[in-house]
Visitor: 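Encoded as structure tokens, here's the structure I'll be asking about.
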Amino acid sequence: MAHSAISQVSVAVPLQTDSSFRRSTFKATSLTFSDKSCISMPSIDLKATRSRSQYIVCMSVQHASKAKVSVSPLSLEDAKEPPLNIYKPKEPYTATIVSVDRIVGPKAPGETCHIVIDHDGNLPYWEGQSYGVVPPGENPKKPGSPHNVRLYSIASTRYGDSFDGKTASLCVRRAVYYDPETGKEDPSKNGVCSNFLCNAKPGDKVKITGPSGKIMLLPENNPNATHIMIGTGTGVAPFRGYLRRMFMESVPMKFNGLAWLFLGVANTDSLLYDDEFTKYLNDYPGNFRYDRALSREQKNNKGGKMYVQDKIEEYSDEIFKLLDEGAHIYFCGLKGMMPGIQDTLKRVAEERGESWEQKLSQLKKNKQWHVEVY
């Protein structure tokens, strides 16, 4: 995977106040320059600074479709063990919100935001880890005490969205509660932390703990390995970090295996980071596969709603073969996703004359099985 030169360009874009512009920063928009070179927005990341009338968007112009973005400091590659719990709940780190962007369309049920946080290099992490967030205010169950920590999977690589090792990104769905009798939103029962994050403005302070977690770390000892990633909704967060490391960034790990992402959401407007993933699919067709399960738009083979487990069943022979060959499989999302997936895998195994319990035990023993649900 060749690394080619990258030059910088600044583009002035008129400021819009609605969410259409904010979401467009994640869309694949090609710009043509005088030298006939093109860029595709998701192949780089944006660092936007707001002025009174415009956004100044700094972009890396890639002169070849597979050019990779330079990152620093490469000393972040030197650690032999992942950083763990540098900051604890009693003494969290105070970071700064860089940006909050709605990344779903108008027809998505609910709102999901991409939140970039500046930790100034003081809270390093590895792909697949989580940050804890302590929302402001008092814990209603423990007057005088802060709120409990909420864990969020990190949606960026260790270099962050600005590629300098000083930021981390979270993918957060705003948790709201609707009274079943009146059908109206009850703000008193809304998610304290998710609403704090989704309402945050650039410059706001946020208390962070961690990083935590080793289950979802991306094994890099074999650059030719297969990684099967299964996520629902914001469970795609760690996989975005994996894929940016594999396909976007110029890092010492030269990935040449297979990454296969299954993403389950409600509808097309609910897809997260879809343009980034689509670009990898176009640029690395031999190394990346991407299957979407849209429960409100697609039907499974039995005529019911299409969920990720239906996609898994559709490709079950291939998935089981890859697992037998040593592939890693990851699951991230709501806890409720796992029973349906486990039932599907068990049924498929039995149809193949295998014991799912024995197979699962072997996968865990071989450290091929990675699950993080919430």
Visitor: If you round to the nearest 0.5 Å, how far is CG of Leu218 from CE of Met229?
Guide: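 Rounded to the nearest 0.5 Å, the CE-CG separation comes to 8.5 Å.
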Visitor: Looking at Leu74, is its backbone amide N or carbonyl O close enough to the side chain of Ser72 to form a donor-acceptor pair, meaning the two atoms are under 3.5 Å apart?
Guide: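 No: the side chain of Ser72 does not pair with the backbone of Leu74.
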Visitor: With side chain to side chain donor-acceptor pair (under 3.5 Å) as the criterion, how do Tyr159 and Ser70 come out once you've worked through the C-alpha distance, each side chain's angles and the decisive distance to 0.1 Å?
Guide: CA-CA 10 Å; Tyr159 298 100; Ser70 295; over 6 Å; no
Visitor: Can you confirm if the aromatic rings of Tyr330 and Trp369 lie within a centre distance of less than 6.0 Å?
Guide: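 No - the distance between ring centres of Trp369 and Tyr330 does not fall below the 6.0 Å cut-off.
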Visitor: Say whether Ser169 and Asp161, considering side chains only, have a donor N or O and an acceptor N or O under 3.5 Å apart.
Guide: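 Yes, Asp161 and Ser169 have a side-chain donor paired with an acceptor closer than 3.5 Å.
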Visitor: Could Glu127 and Arg158 be called an ion pair, given the rule that one side-chain N must be under 4.0 Å from one carboxylate O?
Guide: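 Salt bridge present between Glu127 and Arg158.
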Visitor: Enter the distance from Lys346:NZ to Glu351:CD here, rounded to the nearest 0.5 Å.
Guide: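 Between atom NZ of Lys346 and atom CD of Glu351 there are 13.0 Å.
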Visitor: Return the set of residues passing side chain to side chain contact (heavy atoms under 4.5 Å, CB included) with Leu281 (not counting sequence neighbours), or none when no residue passes.
Guide: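 With neighbours one apart ignored, the set is Phe288, Tyr290.
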Visitor: Compute whether any side-chain donor of one residue and acceptor of the other, for Asn190 and Arg174, lie under 3.5 angstrom apart.
Guide: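 Their side chains do not contain a donor-acceptor pair, so the 3.5 Å distance test is not met.
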Visitor: Run the salt bridge (charged side-chain N to carboxylate O under 4.0 Å, His left out) check on Glu77 and Arg245 step by step: do they pass?
Guide: CA-CA 12 Å; Glu77 304 289 330; Arg245 188 162 174 81; 2.6 Å; yes
Visitor: Apply side chain to side chain donor-acceptor pair (under 3.5 Å) to residues Thr268 and Glu297 and explain how you reach the verdict.
Guide: CA-CA 8 Å; Thr268 302; Glu297 294 180 2; 2.6 Å; yes
Visitor: Checking Arg352 side chain against Ser355 main chain: does a donor-acceptor pair fall under 3.5 Å?
Guide: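 No: the side chain of Arg352 does not pair with the backbone of Ser355.
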Visitor: Is any side-chain heavy atom of His328 closer than 4.5 Å to one of Thr226?
Guide: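 Heavy-atom side-chain distance check fails, nothing below 4.5 Å.
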Visitor: Does the pair Asp283/Lys68 count as a salt bridge with the N-to-O cut at 4.0 Å?
Guide: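 No.
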Visitor: Does any N or O in the side chain of Asn287 come within less than 3.5 Å of the main-chain N or O of Gly257, such that one atom is a donor and the other an acceptor?
Guide: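 Answer holds: yes.
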Visitor: Do the side chain of Ser316 and the main chain of Val348 share a donor and acceptor less than 3.5 angstrom apart?
Guide: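 Answer holds: no.
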Visitor: Cut-off 3.5 Å, side chains only: do Glu138 and Ser145 have a donor facing an acceptor?
Guide: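 Per modelled atom types, Glu138 and Ser145 side chains form no pair under 3.5 Å.
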Visitor: Would you please say whether a donor-acceptor pair under 3.5 Å links the side chains of Ser156 and Tyr125?
Guide: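 Yes, because at least one side-chain N or O of Ser156 sits under 3.5 Å from a partner of the opposite role on Tyr125.
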Visitor: Just checking Tyr273 against His114, ring centres under 6.0 Å apart?
Guide: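 Under 6.0 Å, so yes.
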Visitor: Check the side chains of Tyr315 and Asp291 for a donor-acceptor pair under 3.5 angstrom, ignoring hydrogens and angles.
Guide: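 Distance-only check passes for Asp291 and Tyr315.
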Visitor: Of all heavy-atom pairs between Val104 and Ala108, which one has the smallest distance, and what is that distance?
Guide: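 Shortest heavy-atom contact: CB-CB, 3.7 Å.
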Visitor: Would you say the side-chain atoms of Asp120 pair up with the backbone N or O of Asn122, donor to acceptor, closer than 3.5 Å?
Guide: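 No; zero donor-acceptor contacts below 3.5 Å.
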Visitor: What distance separates Met306 CE from Ser295 OG, expressed to the nearest 0.5 Å?
Guide: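 Taking CE in Met306 and OG in Ser295, the distance rounds to 10.5 Å.
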Visitor: Verify whether the ring centers belonging to Tyr152 and Tyr131 lie closer than 6.0 Å.
Guide: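 Between Tyr152 and Tyr131, the centre distance exceeds or equals 6.0 Å.
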Visitor: Mind checking side chain to side chain contact (heavy atoms under 4.5 Å, CB included) for Ser212 and listing every partner two or more places apart, or none if nothing turns up?
Guide: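 Expected list: Asn85, Ser130, Leu151.
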Visitor: Between the side chains of Thr278 and Asp275, does any donor sit under 3.5 Å from an acceptor?
Guide: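 The answer is no; no qualifying pair exists.
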Visitor: Is a side-chain donor or acceptor of Asn195 paired with a backbone partner of Ala175 at a separation under 3.5 angstrom?
Guide: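 Flag set: sc Asn195 to bb Ala175 pair under 3.5 Å.
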Visitor: Side chain of Asp101, backbone of Ile103: donor and acceptor closer than 3.5 Å?
Guide: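 Not at all, since once roles are kept as given, no pair shorter than 3.5 Å links the two residues.
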Visitor: Check whether any side-chain N or O of Thr344 sits under 3.5 Å from a backbone N or O of Gly340 as a donor-acceptor pair, and report yes or no.
Guide: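 Answer holds: yes.
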Visitor: From Thr96 OG1 over to Ile117 CD1, what is the distance, rounded to the nearest 0.5 angstrom?
Guide: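 Here the interatomic distance stands at 9.5 Å.
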Visitor: Output yes when a side-chain donor or acceptor of Gln362 lies under 3.5 Å from a complementary backbone atom of Gln358, and no otherwise.
Guide: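 Flag not set: sc Gln362 to bb Gln358 has no pair under 3.5 Å.
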Visitor: Should the pair Asp310-Lys305 be classified as a salt bridge under the 4.0 Å nitrogen-to-oxygen rule?
Guide: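 Salt bridge: no.
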Visitor: Could you tell me whether a side-chain N or O of Glu249 sits under 3.5 Å from a main-chain N or O of Val69, the two making a donor and an acceptor?
Guide: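 No, the answer is negative, given that no donor and acceptor are paired below the 3.5 Å cut-off.
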Visitor: Would you say the side chain of Arg296 lies within less than 4.5 Å of the side chain of Pro109, judging by non-hydrogen atoms?
Guide: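 In short, these two side chains touch, coming nearer than 4.5 Å.
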Visitor: Would you call Glu318 and Arg289 a salt bridge, using N to O less than 4.0 angstrom?
Guide: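 A salt bridge is present here (some side-chain N lies under 4.0 Å from a carboxylate O).
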Visitor: Run the numbers on Glu276 and Arg240 for salt bridge (charged side-chain N to carboxylate O under 4.0 Å, His left out), then give the verdict.
Guide: CA-CA 9 Å; Glu276 285 188 22; Arg240 178 184 184 252; 3.0 Å; yes
